[in-house]
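One-based numbering along the sequence shown. Worth knowing before you read on, the calculation uses all heavy atoms, side chains too, and leaves out hydrogens, waters and symmetry mates.
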Amino acid sequence: MATETVAKPRSSVRVGVQKFGTFLSGMIMPNIGAFIAWGIITAFFIPAGFTPNADLAKLVGPMITYLLPLLIGYTGGRMVYGVRGGVVGAAATMGVIVGTDIPMFIGAMIMGPLTAWIMKKIESLWENKVKPGFEMLIDNFTAGIVAAVMAIFGMLVIGPVVKAFSNGASAVVEFLVNNGLLPFTSIFIEPAKVLFLNNAVNHGILTPLGTEQALAQGKSILFLLEANPGPGVGILLAYMLFGKGMAKASAPGAALIQFVGGIHEIYFPFVLMKPVIILAAIGGGMTGIFTLVLTGAGLRSPAAPGSIIAVFAATPADSFLGVALSVLMAATVSFLIASVILKASKDVEGDELGAATTRMEAMKGKKSSVSSALAGAGAGGVAVLAGPVKNIVFACDAGMGSSAMGASVLRNKIKAAGYPDVKVTNSAIANLSDTYDVVITHQDLTERAKPATSSAVHVSVDNFMNSPKYDEIVELVKSSNAPADASGAGAGAAGAGAGAAAAAEAAPEPETDAGPTGILVADSVVLSGTATTRDAAIDEAGRLLLDRGAVDAGYLDAMHERERSVSTYMGSFLAIPHGTNAAKDHIMKSAVSVVRYPNGIDWNGKEVKFVVGVAGINNEHLQILSSIAKVFTNKAQVAQLEAATTVDEVLDLFGRVNS
């Protein structure tokens, strides 16, 4: 793990708005493709489109009325409480859709996460208290009841309130446009961008209002208030000509990334380096908006990212000239103002750019893989800790075996260190969200986990049972949870991501006796396996599960598929073969099998003496896996397993380890 400086926790109104904006953005950005699809269909097939088609134009209304709000509601619910939160969020969103006659984007952004949060709180009341076998029944009825109640609440209460707010906001925008005041919004928007408050404004207000306006008029000026790349590229062009040192050398590449790639944050350090440059961004923004007002131009859908390519892709036929002039005039004015400021000021050296980049990352709460290049940093994009480590997740393909045992091992270490409130959970990679501080994966899976958890620190291990990385993570937990005046102690620990407290995909380890009843039984324990190869051992452990009726034959094939992609070797002579995430439909009930090989088996170059076959539904198997993990992190208990002469000794050891 790389050494990173641990930033002190931040608490301010600005930080709160940043987090709120990031949350709003998280609901909108994954669905931008659907917005663009709607924009393309609108641009081509409505009566005023490129190729009018009455039949195909029928898609326009249902997509904006139903599809887009439901997608937003589902995404918001999933952010709070996983897939089940997404389902109830979408169902509740239907209430605000039916209760109004305008596109319900704001209503969806309220109902989706709110409904998921309510269900999460309700289900926490009986977490780990439901008898095995009743989980699905209770979960489904809880979800159905909450979704139904919230859909009615949304229809009768939230929908009318949101409609009133939307009408009021639209009236304000109309007033600004009619009185020529809309350009003055740049006085707030441009500084907000540099302070990373733009998501709250753009995705919370401008995108919903702009979409409603585009539905009525075919385009909206609101989509380009924040996304115009002109002001930023103008500033960077000024640094290219009149900057000094590293700032001058970095500006050309930054301009290309900002203008073509649409990553506006690349120019933020150039503004922070000389804050008065914000006047150039404001002047350019005002000019761009004024040009749009004069020409009556706008976009038919959001432009995300704010690239010139995305901007023109969302431009209707009658607005190309106005949009092009808006970008050009914004860049020109921004360039002229920034040039005057740079020529009149002292030399700007490279160290100042590096310091400005660091300040920007501190404000954002994490490192930027793009902007870090300005300061000569590596491309690791390691996140900077903006608060104490509270959420750690182990991720594997299926989320039922190796990750569960690894989580159990680390959880025990962190508890022993005196931090029982730090949540250590496990999850399938497919279910990950960007809500964790630290993500731990097998080294072959790290690249798959990174895209979904870009804000977290990623730790790669090749041994889930006794990896030396665990001690480093424990030290990180200690340093990050230390008082602010002692935060310097974290200098030798690895950085962690700015994680938000989130619902875990798997249940925490129970504190009660982890007896094997029902999950691991005597018929599923073999003291002397007959297999001599890895694949034969997987078959032998899998057949024990099959013989119990816990899985069907397809699950055995999935166990081999899982092994071919990532080894299930855990360390301490243990392997835990199990199926892929896609094979969960082949599981009939939770079960674990144990096969001992006294002479050992070659498992991809590692010696394995114990093979534990795993099939789990609804986390029922985690209790016994926790017991097994505790045994295999204790050398004396591993020796007892090796010396056991009866099946009862094995069952007893796994059953009493937590007692």
Side-chain angles (χ1 to χ4, degrees), residues 28 32 35-36 38-40 42-43 46 48-49 60 64 68 102-103 105-106 165-190 192-193 198-234 262 264 281-334:
I28 296 292
I32 284 294
F35 276 88
I36 293 174
W38 171 79
I40 292 173
T42 302
I46 62 174
V60 174
I64 195 170
L68 297 179
I102 62 174
F105 300 119
I106 295 177
F165 168 79
S166 181
N167 291 339
S170 297
V172 171
V173 171
E174 185 177 355
F175 173 81
L176 293 174
V177 173
N178 293 339
N179 291 274
L181 299 176
L182 195 61
F184 290 98
T185 57
S186 290
I187 296 175
F188 307 102
I189 291 175
E190 295 303 329
K193 289 175 68 174
N198 54 313
N199 283 333
V201 176
N202 192 28
H203 299 299
I205 299 175
L206 296 181
T207 294
L209 293 179
T211 304
E212 183 180 344
Q213 193 177 82
L215 178 64
Q217 303 174 14
K219 59 187 174 183
S220 175
I221 191 175
L222 302 181
F223 290 136
L224 207 51
L225 298 192
E226 185 270 340
N228 192 331
V233 78
H264 287 212
I282 293 173
M286 293 178 66
T287 302
I289 296 172
F290 184 67
T291 303
L292 291 172
V293 173
L294 285 180
T295 59
L299 303 184
R300 60 174 175 261
S301 62
S307 158
I308 190 62
I309 298 173
V311 167
F312 279 128
T315 302
D318 62 352
S319 293
F320 276 107
L321 178 60
V323 169
L325 285 175
S326 172
V327 175
L328 177 62
M329 294 303 296
T332 300
V333 171
S334 177

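The two atoms that bring Ser326 and Gly288 nearest to each other are OG-O, 2.9 Å, heavy atoms only. Of all non-hydrogen atoms in Asn228 and Ala330, the two that sit nearest each other are ND2-CB, 4.0 Å. Annotation for Ala297 and Ser319: closest pair CA-OG, 3.5 Å, computed over non-hydrogen atoms. Residue Pro316 comes nearest to Leu299 through the heavy atom pair CD-CA, 4.0 Å, listed as atom of the first residue, atom of the second, then distance. Among all heavy-atom pairs drawn from Pro231 and Ala281, the shortest one is CB-O, 3.8 Å.
No side-chain heavy atom of Thr295 sits under 4.5 Å from any side-chain heavy atom of Leu321. Annotation: side chain of Val327 is in contact with side chain of Pro229 (closest heavy-atom distance under 4.5 Å).
Between the side chain of Arg300 and the backbone N or O of Thr315, at least one donor-acceptor pair lies under 3.5 Å.
To the nearest 0.5 angstrom, Leu225 atom CG is 4.5 Å from Ile289 atom CD1. Atoms OG1 and CG, on Thr287 and Leu328 in that order, are 11.0 Å from each other to the nearest 0.5 Å. Between Leu182 atom CG and Leu292 atom CG the span is 8.5 Å, to the nearest 0.5 Å. The OG1 atom of Thr291 lies 10.5 Å from the CG atom of Leu224; values are rounded to the nearest 0.5 Å.
Shown here is Phe312, whose CZ atom has more than 12 heavy atoms of other residues, nucleotides or ligands within 6.0 Å.
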